[in-house]
Amino acid sequence: MSKLNGLLFLWSLSAFITSAVLTVIPSKYCEVPERKLSFIYNLTKLTSDKEDIIIKHDYEMIRMQLCSPLIKKCNNQDGYAICLIKNNTEKGIGRFPPKLDNEYGRTLFNFTGDDCLHGTNYTVTVIMHCDYDAETNSYPELFSHGDQQCNLYIIWKTALLCVPRTQTNCTVVNAGHYYDLSLLTRPSENYMIPLHIKNKTKSPKIILNVCQNILHHGIMCPIKSGACLDDPEKPNGYLSLGEVQKPPFFKDGTLQIEYQDGALCTQNVTTPHVKTTIHFKCDLEAKGPPEYILGSGIEDCHYQLIWYTPAACDIETLRDYSAKTAGKCNVKNPITNFTYDLQTLMNKDFTVTNVNGIKYKFRVCNALMDNTCGNKTGICNSKYGTSLGQANANLIWQQNGPYLNYTNGDLCENGVSHYTLIRFFCEPQGSLSRPLLIKEFTCQTIIHWNTDLVCEKKIKCATNNDDEINLTPLIQSTNNYIIKANDTEFHINICRPLVPTQGLLCAHGSAACKVSVTSKNEYMNEISLGFPEDSPTLNKDLQTVLRYINGSQCPENPTKTISSNFIFICDNNNQGLPVYKHYVNCTYIFEWNTSIACGAVMGGWTTPCTIKDSFLSYEYDLSLLDKTQQIHHVKSRQGKEYAISICGGEKYCNGSAICHEYNGYGSLGSVIFDYSRNDVKLKYSNGSKCNNNSYTSEVRFICNESMGIGEPKLLLESQCSAEFEWHTEVICVKYANSRNASHENALLCKKLLHPISPGLMLQLFAIAMMIVCALGVLMIALVYFGDLLPLEGRRFWSNLINFRRGMGRVHYCRVWFFVFLTLEYL
Ligand SMILES: *[C@@H]1O[C@H](CO)[C@@H](O)[C@H](O)[C@H]1NC(C)=O
Ligand SMILES: *[C@@H]1O[C@H](CO)[C@@H](O)[C@H](O)[C@H]1NC(C)=O
Ligand SMILES: *[C@@H]1O[C@H](CO)[C@@H](O)[C@H](O)[C@H]1NC(C)=O
Ligand SMILES: *[C@@H]1O[C@H](CO)[C@@H](O)[C@H](O)[C@H]1NC(C)=O
Ligand SMILES: *[C@@H]1O[C@H](CO)[C@@H](O)[C@H](O)[C@H]1NC(C)=O
Ligand SMILES: *[C@@H]1O[C@H](CO)[C@@H](O)[C@H](O)[C@H]1NC(C)=O
Ligand SMILES: *[C@@H]1O[C@H](CO)[C@@H](O)[C@H](O)[C@H]1NC(C)=O
Ligand SMILES: *[C@@H]1O[C@H](CO)[C@@H](O)[C@H](O)[C@H]1NC(C)=O
Ligand SMILES: *[C@@H]1O[C@H](CO)[C@@H](O)[C@H](O)[C@H]1NC(C)=O
Ligand SMILES: *[C@@H]1O[C@H](CO)[C@@H](O)[C@H](O)[C@H]1NC(C)=O
Ligand SMILES: *[C@@H]1O[C@H](CO)[C@@H](O)[C@H](O)[C@H]1NC(C)=O
Ligand SMILES: *[C@@H]1O[C@H](CO)[C@@H](O)[C@H](O)[C@H]1NC(C)=O
């Protein structure tokens, strides 16, 4: 221990010296010493001498610099590094210089600012994190204002906080087969493989990366280490298990990686240094992490791991396997089991333009409707009427993203037909999603398309049955749900990976994580409770169940991994959190009583003309609709004229609210508050006879505060039904008479209706914001449009009344907020 103390002393001393120097030359703040590795991270490039960095969200904006003062003054004053701009007022929330906190392998820049509330000052913590993939595209993200609005957290992933990268070629050709292990390389985290030595309370772990050095977040192994042993029971418990030196190779018929020249071997064997071998086994069904071969290394300084993974299969095998399970315009990634599905792109025309300005029209997985270039053409040079390839729906898997190969276009030269490759890539957040003509050869055209449809790990957060339960409103974007139990905390997100949280190091992508909290309020012993890989389903009791799988290794049964089940129980009263129930079979079981699980909410009608939402106890007086006129007339394109009188229908229309000539379109069957769409539907059924049936109708009111009373519009009509849409402010929350609604609810609504409310906001720069908004409009349009399609089904709506359907229910004020936040993911 004395050695350690000495070391600590040296570190503090060097910290002291560094800070002494730092006060003199400000730019020195950009140099972060990694003392354990005698290495300095140079963050100078994160600072610009031309302009401040801007994190923008809606009405709130942050102007910042990390390791130098702001270029522009904040609130007319110098000396700040972080400035919050809200409602045209600037507030210095971070004074320069920050306090650098880089002990325990983390790197934080702590800023203190002006006063915030009741004598507390603003603090901003900037958490730095190594990510080799974040180079020029590295931006800070504001991820939480915390509970109080005075503490802000910003996370910044950057390659500049990484040690120099040591990599090897990760591909191998063997006997004519091509292998690529690079899919296993992790740019911003390590693999952790516990050794599970029985009589140790804290199991040592092997920290590993593939074809690349491990990421050093306080891990005291040499910079080039590809594997490192972390033994928490030893004071200086890191042991290099080998360095990244040579690419993977085949030996005795198996694909292997060897990391050599680790720590000195103290055992009396012939090898001078510790080394590590990873044996890869092609297994198309496997998903787990590598396994430590029990006992290896301890005696012979040769640590061995075995890794069953599809990534160890040759590319052809993988492609064949994925082709076998491919469907129309969808295909599985054989390595992750993720399904790429592009069906939503199928029925639209897209265009790309080549360097000469010629437009090519194409469809995805589908032939063009116009025959300019021949019947089956998937992509057409309209100017010359040439087909650049015939359409097919055979999406083909490839590591970086799936593609389509449209073959058999018109002849180009030497009897060869033109073909076109349309490649899809996961769209980095906020970038533009559109196809681009990348390259043209004589007989080949290549289109690249960045779209979030091929981004993995984004499950649909709704059950797949007809009256789906949609959990989307529960997805968190800024803070995880936290359940406390004894000195344990469960951090949980719904359908999505956890929101990054300071100090919480659960396997990246986990959707739930169990941690112990020490007396010093630090997190320890993080256990991943699984990843969001499947959409919620219904169990045999028709409850909605969300299951996360493939978490950490199960302690009782090392061949299994930990999973977690969240059971959602319809409960109109409970707005609370999930509750931990028990642990069985390597599975953590939670229950969540929530109104979301009930589907859309049935409302009620009271005479003379009031609708009431049983959930929030809000009442809306629809007689306001008749204030200007008793009857609203709506003409269809064919000249059919409907009369609508929501409140006084009986008087005018045979007891119906809606009629056409002498036909009544039904009496009120149900009132449905669909919070996720911010609308209220009135459904009418059992109207006058229509063929062998009776007329039905529906009016959908959509809150629009700038519409006044508004006018109904015809949306759809068929022989025996009609559907109207009515944008109006009458059903907006400001018109609600709240009865019994708790003050709390009202407050929450108010807060969320005004997204200006400080707190809870994300990164996103100005442009990205605009794109997201545009996407949002598109999304909402799609959701909306999607609802219009099943016209036939509308007849049965009266039967559906008692069923859960559509989106979930929440405070509707909350919904837009969530819709907005979740756009990121959709
Ligand atoms: C840090 O990086 C900047 C710019 O990239 C460079 O000018 C500076 O010399 C570097 N400092 C050190 C100590 O390497
Ligand atoms: C914005 O600023 C104006 C005047 O500076 C003030 O009247 C108003 O209340 C502020 N609004 C908010 C939401 O803070
Ligand atoms: C920096 O801030 C974090 C939390 O925001 C805190 O845990 C840590 O102790 C602070 N470090 C220093 C050196 O002030
Ligand atoms: C808090 O802010 C006030 C001014 O807004 C400042 O005078 C004071 O020094 C700050 N306190 C700390 C601890 O930084
Ligand atoms: C990696 O190795 C493969 C085969 O061994 C070779 O075809 C490929 O060009 C190499 N890639 C790089 C980037 O060196
Ligand atoms: C585990 O316990 C056994 C017997 O108690 C002991 O011989 C062995 O050294 C222990 N192993 C470790 C790694 O501590
Ligand atoms: C060291 O080597 C000697 C001779 O080969 C052998 O007898 C002994 O068991 C070895 N010790 C260890 C700890 O492996
Ligand atoms: C892949 O997903 C399918 C369902 O889509 C499932 O049946 C299969 O078990 C999954 N395979 C693996 C290895 O998880
Ligand atoms: C192409 O479509 C046209 C019009 O639909 C049709 O008359 C013609 O027979 C089709 N040709 C082929 C080869 O299918
Ligand atoms: C696409 O199809 C063409 C023509 O059949 C073929 O030559 C080419 O190799 C295919 N390309 C890919 C990437 O599958
Ligand atoms: C908390 O402690 C109680 C009593 O000791 C125990 O029954 C329960 O399982 C613990 N909860 C968790 C989540 O460990
Ligand atoms: C645990 O899982 C096994 C098989 O996966 C099952 O047979 C058993 O019933 C489960 N036990 C409980 C208590 O759920």
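Ligands are counted one by one from 1 in listed order, and the atoms in each one are counted from 1 as well.
The 4.0 Å heavy-atom shell around ligand 1 contains residues Glu31, Asn42, Thr44, Lys45, ordered by chain and number.
Listed by atom number, the atoms of ligand 3 under 4.0 Å from Thr125 heavy atoms are 2 (O), 4 (C), 5 (O). In summary, the atoms of ligand 10 found under 4.0 Å from a heavy atom of Tyr403, numbered by their order in the structure, are 12 (C), 13 (C), 14 (O). Set against the non-hydrogen atoms of Asn110, the atoms of ligand 3 under 4.0 Å away are 1 (C), 2 (O), 3 (C), 8 (C), 10 (C), 11 (N), 12 (C), 14 (O). Atoms of ligand 10 lying under 4.0 Å from at least one heavy atom of Thr407, given by number and element, are 2 (O), 3 (C), 4 (C), 5 (O). The atoms of ligand 10 that sit less than 4.0 Å from any heavy atom of Asn405 are 1 (C), 2 (O), 3 (C), 8 (C), 10 (C), 11 (N), 12 (C), 14 (O). Residue Lys99 approaches ligand 3 through these ligand atoms, each under 4.0 Å from one of its heavy atoms: 13 (C), 14 (O).
A parallel orientation is assigned to the rings of Phe111 and Phe109, their planes being inclined by less than 30° (bins at 30° and 60°).
In this structure, Arg423 is positioned above the aromatic face of Tyr403, its NZ or CZ under 6.0 Å from the six-membered ring centre and within 45° of the axis.
With respect to Asp114 and Arg95, a salt bridge is recorded, a charged nitrogen being found less than 4.0 Å from a carboxylate O.
Between the side chain of Asn392 and the backbone N or O of Asn394 there is at least one donor-acceptor pair closer than 3.5 Å. In this structure, Thr339 contributes its side chain and Asp341 its backbone to no donor-acceptor pair below 3.5 Å. A donor-acceptor pair under 3.5 Å is absent between the side-chain atoms of Ser510 and the main chain of Ala512, judged by distance alone.
Residues Val32 and Leu43 meet the side-chain proximity criterion, which asks for heavy atoms closer than 4.5 Å.
Checked against the 6.0 Å centroid criterion, the rings of Phe39 and Tyr41 qualify as a close aromatic pair.
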What verdict does the salt bridge (charged side-chain N to carboxylate O under 4.0 Å, His left out) test give for Asp52 and Arg63, after you've listed the backbone C-alpha separation in whole Å, the side-chain angles of each residue and the deciding distance to 0.1 Å? CA-CA 6 Å; Asp52 297 326; Arg63 200 150 54 74; 2.7 Å; yes
